[in-house]
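In what follows, a structure is listed as structure tokens, so that the remarks can point back to it.
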Protein chains: 2
Amino acid sequence: MGRRLSICSSIDDCDLAILASESSRMTVADGRSFIEEGAPANDFFVVTGGRVKLFTLLPDGRRQITGFAEGGDFLGLAASTSYAFGAEALGGATLCRFPHAGMQRLTERFPSLEHRLREEASRELALMQARMTLLGRKTARERVATFLIERCSHLDRPDPAHPIELDLPMPRTDIADYLGLTIETVSRILSAFKKEKLINIRSITHITLLAPERISMIAEGME
Amino acid sequence: MGRRLSICSSIDDCDLAILASESSRMTVADGRSFIEEGAPANDFFVVTGGRVKLFTLLPDGRRQITGFAEGGDFLGLAASTSYAFGAEALGGATLCRFPHAGMQRLTERFPSLEHRLREEASRELALMQARMTLLGRKTARERVATFLIERCSHLDRPDPAHPIELDLPMPRTDIADYLGLTIETVSRILSAFKKEKLINIRSITHITLLAPERISMIAEGME
DNA sequence: CCATCACCTTGACCTGAATCAAGTCTGGTA
DNA sequence: TACCAGACTTGATTCAGGTCAAGGTGATGG
């Protein structure tokens, strides 16, 4: 979790070699899991490329995707002694792995890093509160609308009230598990949005928001 | 948010007067709101007594309670420039208010404080992931069971498999808004648990868990 | 001791989303 | 170009939980 600002931004002109010496790069193939929920949390990760999904599971296999992470995002902040979530690459990802011990050396050497990490955690905390409202109180329609709008803010939004090209790199299953719905419901609602000329479905992964403003309204329950 | 470890624990034997000089105490009466969602975030709070509920609202009044906080918990970490949530006293609360500027002076003076804050944010992050799973994937029965079990862990659990006395200081409305249900559903499920001899309802606020183990199972969807 | 009010419980009914069950589309392969 | 497998869509039906509507309960005050 975390966004847009690399871990390096708090180290700036300091010796990047030190940072490199405390971390190791890794590549994770599509669909491969690299954090096991409940496993001892030994590492902290930064996503450097591709995408990743975070999730928790119930014993019977029900899954809640708690977030998607991409380049620049932090993972493993929510660390006590064991991970509170699992993580899996979404179409291949590259990561920087920082063992906790190394992390500690880094924060000692670059105290401002600690602040950055807190900032990052706080930002994520705010996002999660919005997501709890989505899961606890929004209708299926509102959830899907919120998801589409959320995806927009990932790319630097040009101007609202204009069509926006989106790609949804995750399968419907992941969207459903993120929104607390079933794939059928997600599919039906996207179709409904299309019928209402709110979106255009160019391909499974490519969607155009034709009326971003209206979708925002729907997302907030003000349609 | 945050739990059990006062902010002071990272300052230890240092001059508490400095801490006091950067903060002010405040008392909030039952039901009074002291953080307005979306308002500029100028302060950081520590709950020193009583209880507090945190929530977000949708424009039409739907409410999601994102957490309850009590003595020792931190509030306002999720701070960008504006609060991501509202906060309201639950039966009267006392707080310590730290203006952000003062907070910064404190973290400069006591660098370990920064680490404590991150730790706190991370802990909260982990809790929120569990809550997202609750809201996105659990049934009403599982949610209420989870809520009861969660309340247990607030008091230092003596031994499982033995009856546990609980008090639920919040009205049903708050429980419902916390679990993403209606008051009727919460009420019905508590009644059902009573009928199944899983709990005993001594009064509206006093509940005895007769079979904590079984309730835990239900909470995880393994009944 | 009763009235009142706020909160909670219970019941009857309804509905949004899940489930179950076919189709359909897409991209890869031969 | 045709075939196949996996992912998506669509339709019919069901059901968990919401909504609407009475009661019940218990603390406060007259």
Side-chain angles (χ1 to χ4, degrees), chain A residues 30-31 53 58 60-65 90-91 134-148 166-196 199-207 218 221 223, chain B residues 30-31 53 58 60-65 90-91 134-148 166-196 199-207 218 221 223:
Chain A
D30 184 21
K53 58 189 170 198
L58 288 174
D60 63 2
R62 275 174 288 172
R63 185 178 68 155
Q64 176 66 45
I65 292 189
L90 182 66
L134 178 141
L135 293 171
R137 286 300 180 217
K138 288 190 180 178
T139 65
R141 227 175 120 79
E142 288 161 3
R143 292 181 203 203
V144 175
T146 307
F147 176 72
L148 293 174
L166 271 191
D167 76 344
L168 306 180
M170 63 291 286
R172 296 286 186 265
T173 314
D174 287 352
I175 300 178
D177 282 349
Y178 179 67
L179 298 178
L181 301 169
T182 59
I183 47 172
E184 293 95 329
T185 299
V186 172
S187 186
R188 267 188 261 272
I189 287 172
L190 286 175
S191 299
F193 282 174
K194 183 182 173 184
K195 197 168 294 175
E196 298 171 43
I199 66 173
N200 189 14
I201 303 176
R202 304 195 300 152
S203 84
I204 285 173
T205 55
H206 288 124
I207 285 186
I218 294 170
E223 49 179 334
Chain B
D30 184 21
K53 56 189 171 197
L58 289 173
D60 62 3
R62 274 174 289 173
R63 186 178 68 154
Q64 176 65 45
I65 292 189
L90 182 66
L134 178 141
L135 293 171
R137 286 301 180 215
K138 287 190 180 179
T139 66
R141 227 175 120 78
E142 289 161 4
R143 292 182 202 202
V144 175
T146 307
F147 176 71
L148 292 174
L166 270 191
D167 75 344
L168 306 181
M170 64 290 286
R172 296 286 187 265
T173 315
D174 287 353
I175 300 178
D177 283 348
Y178 179 68
L179 297 177
L181 300 170
T182 58
I183 47 173
E184 292 95 331
T185 299
V186 172
S187 187
R188 268 188 261 271
I189 287 172
L190 286 175
S191 299
F193 282 174
K194 182 182 174 184
K195 198 168 294 174
E196 298 172 43
I199 66 173
N200 189 14
I201 303 177
R202 304 195 299 152
S203 84
I204 284 174
T205 55
H206 288 125
I207 285 186
I218 294 170
E223 50 179 334

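Just so it is clear: chains get the letters A, B, ... in the order the sequence lines come, proteins before strands, and each one is counted from 1. What you are looking at is a predicted structure, and each value in this text was computed from that prediction instead of being measured.
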Give me the atom names and distance for the closest heavy-atom approach of I201(B) to L190(B). CD1-O, 3.9 Å
Closest approach of A145(B) and I218(B), non-hydrogen atoms and distance? CB-CG2, 3.7 Å
For F193(B), check ring pair (Phe, Tyr, Trp, His ring centres under 6.0 Å) against everything at least two apart and list the hits. none
Please name all residues satisfying side-chain contact (heavy atoms from CB on, under 4.5 Å) with S191(B), sequence neighbours left out, ordered by chain then number. none
Apply the test side-chain contact (heavy atoms from CB on, under 4.5 Å) to residues T185(A) and R143(A): give CA-CA distance (whole Å), side-chain angles for both, the deciding distance (0.1 Å), then the verdict. CA-CA 11 Å; T185(A) 299; R143(A) 292 181 203 203; over 6 Å; no
Contact list (N/O, under 3.5 angstrom) for nucleotides 5-9 of chain C vs protein:
unit_1	atom_1	unit_2	atom_2	d
dC8(C)	OP1	R172(B)	N	3.2
dC8(C)	OP2	R172(B)	N	3.3
dT9(C)	OP1	R172(B)	NH2	3.3
dT9(C)	OP2	R172(B)	NE	2.9
dT9(C)	OP2	S187(B)	OG	2.8
dT9(C)	O5'	S187(B)	OG	3.0

Would you compute the distance between atom CG of L179(B) and atom CG of L135(B) and round it to the nearest 0.5 angstrom? 7.5 Å
Range on DNA chain D touched by chain B - first to last nucleotide, heavy-atom distance under 4.0 Å: dG17(D) to dC20(D)
If we ignore hydrogens and angles and just use 3.5 Å, is the side chain of R137(B) paired with the main-chain N or O of R62(A) as donor and acceptor? no
CG of L90(B) to CG of D30(B): how many Å apart, nearest 0.5 Å? 7.0 Å
With sequence neighbours excluded, what pairs up with R63(A) under the side-chain contact (heavy atoms from CB on, under 4.5 Å) test? K53(A), F55(A), L57(A), I65(A), T173(A), D174(A), D177(A)
Counting only non-hydrogen atoms, which of residues 135-148 of chain B are less than 4.0 Å from DNA chain D? T139(B), A140(B)
CG of L58(A) to CG of L134(B), rounded to nearest 0.5 Å, is 9.0 Å
